[in-house]
Structures are given as C-alpha cells and as structure tokens.
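Note that this is a predicted model, so its numbers are computed, not measured. We use all heavy atoms of the structure for the numbers below, so side chains are in, but hydrogens, waters and symmetry mates are not. Whatever order the structure lists them in is the order used to number ligands and atoms, beginning at 1.
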Amino acid sequence: MNPAEIESTKSQAHAEIGACTDAGALKDIERKYLGKTGVLAGWLAQIPSLAPAERPQLGQAVNRLKKELSELLSARAGVLEKAAAERDAVSGSFDPTLPPPPVERGSLHPITVLTREIEDLFVSMGYQVADGPEIETDWNNFEALNIPPDHPARDSQDTFYLDGPGPLVLRTHTSPVQIRSLQRLSPPLRVIAPGKVFRHEATDASHEHTFHQLEGLVVDKHVSVANLIGSMKTLLRGIFRRDLEIRLRPGFFPFVEPGFELDARCPFCENGCSVCKHTRWVELLPCGLVHPNVLRACGVDPDEWSGFAFGLGLSRLTMLRFGINDVRLLLGGDLRFLEQF
Ligand code: PHE
C-alpha cells in the first residue's frame, strides 16, 4: 500500500459507483471496498507493520477515503431508490394518490336487534333482564320445573347431556332462569331472560338444534290470567306496533297451571297467507300461571305468592319480523345473509 495505490483505488471506486444502476450491485461494491474483509480493511491491518514515520500519513489517507466512499455510496443509493419509485409510479403498480380501501362496518344480528327492542320494552315496565348459563343442572332445567326424571315431557325436550359434578344438560329452554331468579331474588319480581337453548333435533327450515328464546316471569300477590293477558298484549303492541287480537288455547307445560298457547291475528294478512297457513292465526307464545310446585321448589310459599310465566320463541319471532323463511339462516354464519341487516 502506498499513496499512488490509494489514489488509483479511489478513482476506480468512483467510476464503479458512478456507473452502478442496481441497488444489489451497489451493495457488492460497498462490500468490496468497505466490507470487513474489503480493500480498505486490509490496508488498515497493514498499518502497524509500516515504518513509524509513514503510519500517520497513510492511516489518515485510508480513513479519508473510507469516509468519502461511504458518502458516495449512500448518495448513489438514494438516487437509485428514487428512480425505482418513479419507475413504479409510471408502470402503475403503485399509486400513492389512491384513497385507502373502505373500512368494512359490521351490523347487529337480527336476533340482537329484536332482543334489544324487547328488553327496552320490558325494562320500561319495571322488569329486570336476567341471564343464565347455557350448561344447566338437570335440576334447574327439569326437576325444579316440575319435570321429574321419568316424566314424558322430557321426551319432547331431548338434549345433549354432559358429565359434571351432577347431571348436566345443554339447557332445552330459558325456563331454568325462572328457577335461578326465584332463588336469587325474593318476590315480588319481574324478570325477562333472553338466551340460547339447545335440543336434539333433526334440522329443517323450521327446526334447529340451537335457537333463541325469551323467558318472562312475574311473581307477586294475586297475579291472575287477566294480568298475563294484559302484559302479553303490551308485548305484542311493542313488537308489531299495533293492537293484534289474541286468543288462548289450553297448552300443557308441567311448570304452569293453567297453561296456554297464545295465538295472535296474523300480522301479515287479512284473508290468510303462507305465514299463518291460511288460518289467520299465528302461534306466538306458550304461557301460564306459575305452578305451585315450582314456587315450592324455590322456597316460595304458593299460598302467599302467585305469578305468570311465558316463553317467547325469539328465533321464530325474528323470522316473522324480518321475513326470514329458514331458521337455519339465523346461526349459519353466511355473510350474504348477515350483510342484509
Ligand atoms: N319453556 C317452554 C318451552 O320451551 C315454554 C314455556 C315457558 C311455557 C314459560 C310456559 C311458560 O317449551
């Protein structure tokens, strides 16, 4: 290494950098001169073996060159980068002036929409909204509701059974929240409980193994069927936004006595349609006065207290309200369906 060699290396490096048009090749040039095993590193390693008088001058010359070349390299890298961006812009692969893609907005599920409406309605009438677990004890789901183990009513509510500390089931209705509410709150009480329920069901357009119900329970002094009818009329007015004629038919549920099926005038027709199967009545909700055995099971004295309960089919009502013809759409998760709400 000597001053002449340093000079000629300098002009060679200048020429190579100036002629380079590719970022990768520029990296190679950088490695060749400035890398750990590059030309300049080799020279610096030789310095200690030079005559003491030569060391400072040559050392400084190499370091100056090192600084100069690294400045030159980064300036060239900047030029190449800018040129590449301009090329991309011209070829149309990236347009920095385009607006960003729109943010997709979610929406509420129709069952949620209806649940919230009904909750508002009942809260305005002094009801509390209660919640219960989807995995229930056999006692809460059946026994406390006056459905002992060998009762035939269990047949129509076959479900999924789980091993637990005691017998557990996926709840077949929201009625176990009646039991939980009676145990947690002391009467007088007014509660509604929306939620998911499960049954062993062969599925088709009107049957699903998982669906939604909304339970209602009122316990007070001297509660009568007249109170039940009045409350159900208010409920229907809230949902359908007008007065609908109703009728009660006897219905059997072990946890109410008397028990009813409540039908309403078909909200969709005057003379019969496919929704009411040309009967002009739609079956809306089972209900009745709370059976004394249910009150007893929860430690409430049936001679002092009485009440009514109802079980609204939320899934079915959602279908009626939004004109949905297949229950399986509700929980099917198909975006083409959900995006319509
Ligand atoms: N739990 C009943 C069912 O799912 C419905 C019901 C609720 C009936 C409350 C009467 C009173 O079939």
Among Phe253, Phe122, Phe260, the one residue meeting ring pair (Phe, Tyr, Trp, His ring centres under 6.0 Å) with Phe310 | Phe122
Identity and distance of the protein heavy atom lying nearest atom 10 (C) of ligand 1 | Phe255 CE1, 3.7 Å
Which protein non-hydrogen atom lies closest to atom 5 (C) of ligand 1, naming both residue and atom, and how far is it?
-> Pro286 CG, 3.6 Å
Should Lys233 and Asp243 count as an ion pair when the cut-off is N to O under 4.0 Å?
-> no
Pairing of Arg199 and Glu208 as salt bridge, 4.0 angstrom limit = no
Just wondering, are more than 12 heavy atoms of other shown residues or ligands nearer than 6.0 Å to CZ in Arg116?
-> no
Can you establish whether the number of heavy atoms outside His109 located under 6.0 Å from its atom NE2 is more than 12?
-> yes
Could a heavy atom of [X] be found less than 4.0 Å from some atom of ligand 1?
X      : answer
Arg199 : yes
Gly288 : no
Ser175 : yes

Using a strict 4.0 Å cut-off to heavy atoms of [X], name the atoms of ligand 1 that fall inside it.
X      : value
Glu215 : 7 (C), 9 (C)
Gly311 : 7 (C), 9 (C)
Gln157 : 3 (C), 4 (O), 12 (O)
Gln213 : 3 (C), 4 (O)

Near-ring test His173/Phe255, centroid separation under 6.0 angstrom = yes
Assert yes or no for the condition that the ring centre distance of Phe198 to Phe160 is strictly below 6.0 Å.
-> no
Specify side chain, backbone, both or neither for Phe310, according to which of its non-hydrogen atoms lie closer than 4.0 Å to ligand 1.
-> backbone
For the atom pair NZ (Lys277) and SG (Cys266), what is the distance rounded to the nearest 0.5 Å?
-> 11.0 Å
Is there a nitrogen or oxygen of His173 sitting under 3.5 Å from a nitrogen or oxygen of ligand 1?
-> yes
